[in-house]
Enquirer: 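Take this structure first; my questions come after.
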Amino acid sequence: MNPTSLRTHSCGELNETNIGQEVTLCGWVDTLRDHSGVLFVDLRDRYGRTQLVFGPESGPESLGKARSLRSEYVVQAIGKVAPRPEGTTNPKLATGQIEIRVSRLVVLNPSLTPPFQPGQKELPGEDLRLKYRYLDLRRAEMQKTLMLRHRMTKIMRDYFDELGFVDIETPVLGRSTPEGARDYLVPSRVQPGTFYALPQSPQLYKQILMIAGYDRYVQIARCFRDEDLRADRQPEFTQLDLEMAFVDVDDVVGVVDGLVARLARELLSRDLPLPLPRMTYDEAMERFGHDAPDQRFGMELIDLAEVAARCEFRVFRSIADAGGRVRGINAKGAAGRYSRKGIDELTAYVQQDFGAKGLVWFKVEPDGTLASPTAKNFDAPLLAEIGRRMDAAPGDLLLIVADSFEVTCKALNGLRKRLAAELKLYDPGDMHFSWVVEFPMFAPDEEDGGWAAMHHPFTSPRAEDVDRLESEPAKCRAKAYDLVINGCEAGGGTIRIHDQKLQHRVFRLLGIDEETARVRFGFLLDALQFGAPPHGGIALGIDRMVMLFSRMSNIRDCIAFPKTQRATDLMTGAPGEVDPKQLRELGITPNRQ
RNA sequence: GGGGACGUAGCUCAAUUGGUUAGAGUACCGGACUGUCGAUCCGGUGGUUGCGGGUUCGAGUCCCGUCGUCCUCGCCA
C-alpha cells in the first residue's frame with residue numbers, strides 16, 4: 001500500500017523484514033487485551049490485522065489513552081516494528097511474527113458501542129446487518145467477497161479489452177417496452193404524464209450499436225426489474241453485457257468460454273477444459289427436468305412411460321393415456337434416510353410447490369423387491385421392471401411423479417435438488433460449468449392462447465427452422481444459449497434477427513401487430529433497414545457469478561448495499577416519502593390503499 | 001397474491017405439559033492482572049418476550065390479527 005499523509009503501511013503488510021522500522025498505522029480497534037502493565041490492541045483495516053503493544057516504555061500518556069480505547073475506535077499508532085518475544089508469535093495472523101511497540105497514539109475518531117462487532121463469531125440477524133451495513137462490510141468475509149467481485153470485473157474488462165471490445169455506456173432513462181418483466185418507471189417533469197423506464201437490460205441499445213458498426217461492444221451495466229425477490233434475485237442487478245457483429249452461436253459461446261476459463265483460473269486456481277460441455281434444451285428437460293441442470297451430481301430423471309402404459313395402476317395409467325408423463329428419480333441408498341414422515345414431507349413439497357397430484361415411492365428391500373403401500377397395485381414382473389429401469393439396488397429410494405410433462409419436470413427437479421442437498425451428493429467446493437443451447441423459439445402464451453417469445457422477440461431461429469416458423473412454431477428452436485453454473489443460470493444470450501422481414505414474421509407469430517411493433521420498437525425496426533449486420537450477444541449476471549465463485553448462498557452477500565425481500569433498503573430507508581412539491585412538479589398524486 | 005420458518009437483554013441463543021422473581025454466553029460498566037491474541041479472574045447494569053387483541057386463576061409458551069427478516073410457489077431470464 002502506498003503511504004499517505006496519515007499512515008506509512010497497512011495493517012496487513014508488516015513482517016520480519018520490517019523489524020526496526022518506525023511506522024505509522026491507521027485502522028479500527030478490533031480487540032483490546034489489557035494486562036495492566038502491558039496492553040495489546042489488534043488494529044484492523046481491510047488489509048489485515050496488526051498487534052499494537054503498549055508497555056511502560058510507551059509512556060503514561062499513550063498507555064492511558066490506549067486504556068480508554070473501545071471497539072471500533074479509529075486510531076493512528078506510531079511506533080517501531082519489533083519481533084515478538086519467543087513463544088508469543090501468532091501463526092493465524094499474516095503479521096503474527098511482529099508487533100508494533102507504540103510510542104504515540106492518536107484517537108482519530110471514537111465510536112459508539114456498535115450494535116454488533118465485525119469480529120464476533122455469531123452472525124447477527126440479516127436485518128441488523130443491513131441496517132448497519134457499514135459495520136457488516138467491515139467483516140472479513142464481506143470484504144473478501146467484494147474483493148473477489150472487484151477482481152472478477154477487472155478480469156472481465158481486461159479480457160474484453162484484449163479482444164478488441166469497446167466499452168460503451170447506454171442510457172438508464174429509456175423507454176418502457178412492456179415485454180418481459182415489470183418496469184421501474186421514472187416520471188418526466190418536462191413532459192408531464194410521461195415516464196421513462198429503467199432498463200431491464202441494454203438489449204435494444206446494443207443491437208443499435210451493432211448497426212452503428214461498433215462490432216464488439218461490452219458494458220458492465222446496471223439493470224432493473226420490478227419483480228418479486230429471491231435468494232438469487234435483486235430488483236437492481238449488474239450484467240456483463242456484450243454484443244458482437246458478424247458472428248454465429250459458436251463465436252459468442254467461444255468468447256465466453258475463454259472468459260469463464262480465465263475467471264476459473266485466476267479466481268479459483270482451476271483449469272477448465274474447453275470447450276465447456278453443451279446440451280440442448282430438450283435433453284436438459286428430459287434428463288434433468290430443468291433448463292439449468294445442476295450437473296455436480298447424477299440422479300437423472302428416468303422415464304417410465306412403457307411401464308405406465310402396461311400397468312393397471314390407475315394413477316399411472318390415466319396419466320399415460322392422457323398424454324402425460326411418468327418419470328422418477330433414484331435416490332441411491334436413501335431409503336434409510338427417509339422415514340414415512342420424511343416421505344410425506346417430500347410429497348407435500350411437490351404438491352404444494354409444484355402442483356403435483358402426488359408422489360409414488362418405493363423402498364428397495366435387501367432382497368431387491370420394491371416395497372411401499374402402492375406396491376399392491378402392481379404385479380411382480382411390473383415391479384421388477386420398474387426396479388430394472390430405475391437401476392434399483394437394496395437401500396435405494398425410488399420417487400416417481402405421474403403428471404403433465406411440465407409438472408414432472410418441476411417436481412422432479414425440485415426433489416432432485418432438495419435430495420442432493422440433504423444427502424450431500426456433491427462437494428460444496430465443486431463447480432460445474434456448461435451450456436444449454438437450442439431453446440424453443442416460442443412457449444404457449446397462457447393469457448391469449450397464442451405464442452410468447454421464450455427469450456425475447458429479437459431472437460433468431462436456427463436456419464433449419466426458418467421455413468417452418470408458421471407451420472410448426474412449437475418445434476422451432478432458437479439460436480439461444482444459457483451459461484449454467486451449478487444449476488444456476490449465470491447468463492444467457494442469443495443471435496438476433498438482423499433481417500426486417502424475418503423480424504416481422506416473428507412479431508406476427510407473437511401476436512405483435514405492425515402498429516404495436518412500430519410504437520414499441522420502431523427505432524430498431526428502422527435501424528434494421530439501414531444495413532444491420534448479423535449479430536448476437538450475451539449477458540452474464542455478475543452478482544450471481546460472484547455468488548457462485550465465492551460459494552455464497554445468496555446474492556445479497558455479494559452486493560455492497562442490497563435490498564430486502566420487500567425491496568427496501570434498511571440503511572437508507574428507501575423507498576421513502578418525497579416532498580409534496582416534487583410530486584406537484586411531476587403532476588403525480590399518490591394513491592395509497 | 002399463496003405456503004412456510006423465525007422474532008425473548010445491545011448481539012447470539014435457552015426457558016419441560018400453560019405455572020415461582022424469564023436464564024446463559026458475549027458485549028457494556030467497575031475492579032484485579034507485565035505477553036495476550038475468542039486473554040483470564042471478581043463484581044455489576046441491562047427485559048413492554050416485535051406490536052395489538054383474545055382464551056385462561058395464570059401466557060414467552062395456546063388462538064386471531066398485524067409488522068419485520070428470511071426461504072419458497074406464482075412472477076421474473
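In the text below, chain A, chain B and the rest are named by the order of the sequence lines, each starting its count at 1.
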Enquirer: Pick the C1' atom in B:G25 and in B:U8, then give their distance to the nearest Å.
Expert: 15 Å
Enquirer: Taking atom C1' in both B:G46 and B:C11, what distance in whole Å separates the two?
Expert: 13 Å
Enquirer: Using the ring of each side chain (for Trp, its six-membered ring), is A:F297 parallel, tilted or perpendicular to A:Y426, with breaks at 30° and 60°?
Expert: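 The arrangement is parallel - the two ring planes meet at less than 30°.
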Enquirer: Taking atom P in both B:U16 and B:U61, what distance in whole Å separates the two?
Expert: 12 Å
Enquirer: Mark yes or no for whether A:R84, through its side chain, and A:I98, through its backbone, hold a donor-acceptor pair below 3.5 Å.
Expert: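 Present.
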Enquirer: Check this one for me: any side-chain N or O of A:Q51 less than 4.0 Å away from OP1 or OP2 of B:U36?
Expert: no
Enquirer: At 4.0 Å (heavy atoms only), tell me whether A:G125 reaches a base, stays on the sugar-phosphate, or touches nothing.
Expert: sugar-phosphate
Enquirer: Give a yes or no on whether the ring-centroid distance for A:H9 and A:Y47 is below 6.0 angstrom.
Expert: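 Aromatic pair excluded; centres sit 6.0 Å or further apart.
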Enquirer: What's the gap between B:U69 and B:C28 when it is taken at their C1' atoms, as a whole Å value?
Expert: 26 Å
Enquirer: Using the C1' atom on both, measure B:G7 against B:U12 and round to a whole Å.
Expert: 13 Å
Enquirer: State whether A:K410 places a side-chain N or O below 4.0 Å from either non-bridging phosphate oxygen (OP1 or OP2) of B:G74.
Expert: yes
Enquirer: Hey, are A:E227 and A:R225 close enough for a salt bridge, meaning a charged N less than 4.0 Å from a carboxylate O?
Expert: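 Salt bridge: no.
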Enquirer: Whether the side chain of A:R556 and the base of B:C70 hold a donor-acceptor pair under 3.5 Å is what I'd like checked.
Expert: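 No, the side chain and the base share no sub-3.5 Å donor-acceptor pair.
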Enquirer: Would you tell me if any nitrogen or oxygen in the side chain of A:S36 comes within less than 4.0 Å of OP1 or OP2 on B:A32?
Expert: no
Enquirer: Could you measure between the two P atoms, the one in B:G50 and the one in B:G10, and give it in whole Å?
Expert: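 Rounded to whole Å, the distance is 13 Å.
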Enquirer: Taking only side-chain nitrogens and oxygens of A:R230, does any of them come within less than 4.0 Å of OP1 or OP2 of B:C73?
Expert: yes
Enquirer: If you go through the side-chain atoms of A:N90, does one of them form a donor-acceptor pair with the base of B:C37 closer than 3.5 Å?
Expert: yes
Enquirer: Closer than 4.0 Å, any side-chain N/O of A:R33 to the OP1 or OP2 of B:U40?
Expert: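 For A:R33, the contact criterion (side-chain N or O under 4.0 Å from OP1 or OP2 of B:U40) is not met.
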Enquirer: With both distances under 3.5 Å as the test, what is the Watson-Crick or G-U wobble partner of B:U17?
Expert: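 By the stated definition (distances under 3.5 Å), nothing pairs with B:U17.
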Enquirer: Does A:E99 make a side-chain donor-acceptor contact with the base of B:G35, cut-off 3.5 Å?
Expert: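 Per atom types, the contact qualifies.
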Enquirer: Looking at A:K92, I'd like to know whether one of its side-chain N or O atoms comes within less than 4.0 Å of OP1 or OP2 on B:G38.
Expert: yes
Enquirer: Quantified in whole Å, what is the C1' atom distance between nucleotide B:U20 and nucleotide B:G60?
Expert: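 Between the two C1' atoms, the distance is 16 Å.
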Enquirer: To the nearest 0.5 Å, how far apart are CZ in A:R496 and NZ in A:K206?
Expert: 4.5 Å
Enquirer: Taking any strand in view, what nucleotide pairs with B:G30 in a Watson-Crick or G-U wobble way, both distances under 3.5 Å?
Expert: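 Base-paired to B:C42.
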Enquirer: Does B:C11 have A:F116 stacked on its base, where the ring centres are within less than 5.5 Å and the planes differ by under 30°?
Expert: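 Stacking is absent between B:C11 and A:F116, given that the ring centres and planes do not meet under 5.5 Å and under 30°.
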Enquirer: It should be established whether A:T88 places a side-chain nitrogen or oxygen under 4.0 Å from OP1 or OP2 of nucleotide B:U36.
Expert: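 Result: no.
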Enquirer: State the pairing partner of B:U55; accept Watson-Crick or G-U wobble contacts with both distances under 3.5 Å, and report none otherwise.
Expert: none
Enquirer: Remember a base hit wins even if backbone is also touched, and classify A:S201 as base, sugar-phosphate or nothing at under 4.0 Å, heavy atoms.
Expert: nothing
Enquirer: Can you tell me the pairing partner of B:G47 across any strand shown, Watson-Crick or G-U wobble, with both distances under 3.5 angstrom?
Expert: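 Here B:G47 is not engaged in any pair, so there is no nucleotide opposite it.
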Enquirer: On the side chain of A:D228, is there an atom forming a donor-acceptor pair with the base of B:G74 - under 3.5 Å, no angle test?
Expert: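 Counting by modelled atom types and ignoring angles, a donor-acceptor contact under 3.5 Å is found here.
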Enquirer: With no angle test and no hydrogens, is the base of B:C67 tied to the side chain of A:R566 by a donor-acceptor pair under 3.5 Å?
Expert: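 No, no donor-acceptor pair under 3.5 Å.
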Enquirer: So, using ring pair (Phe, Tyr, Trp, His ring centres under 6.0 Å) as the criterion, who are the partners of A:F521 when residues are at least two apart?
Expert: A:F458, A:F507
Enquirer: Has A:H35 got its ring stacked on B:A39, by the test of a centre gap below 5.5 Å and a plane angle below 30°?
Expert: yes
Enquirer: Determine the contact category for A:H456: base if any of its heavy atoms lies under 4.0 Å from a base atom, sugar-phosphate if only primed atoms, P, OP1 or OP2 are that close, otherwise nothing.
Expert: nothing
Enquirer: Report yes if at least one side-chain N or O of A:S71 is closer than 4.0 Å to OP1 or OP2 of B:C28; otherwise report no.
Expert: yes
Enquirer: Does OP1 or OP2 of B:U69 have a side-chain N or O of A:T568 closer than 4.0 Å?
Expert: yes
Enquirer: Consider the side chain of A:R233, meaning its heavy atoms from C-beta on, and name the nucleotide among B:U69, B:C28, B:C75 that approaches it most closely.
Expert: B:C75
Enquirer: Can we call the ring centroids of A:Y349 and A:F354 under 6.0 Å apart?
Expert: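 Centroid distance A:Y349-A:F354: below 6.0 Å, so yes.
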Enquirer: Would you mind classifying the nucleic acid contact of A:D34 as base, sugar-phosphate or nothing, using non-hydrogen atoms under 4.0 angstrom?
Expert: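 Since a base atom lies under 4.0 Å of A:D34, the category is base.
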Enquirer: Using the P atoms only, state how far B:G52 lies from B:A59, rounded to an integer number of Å.
Expert: 15 Å
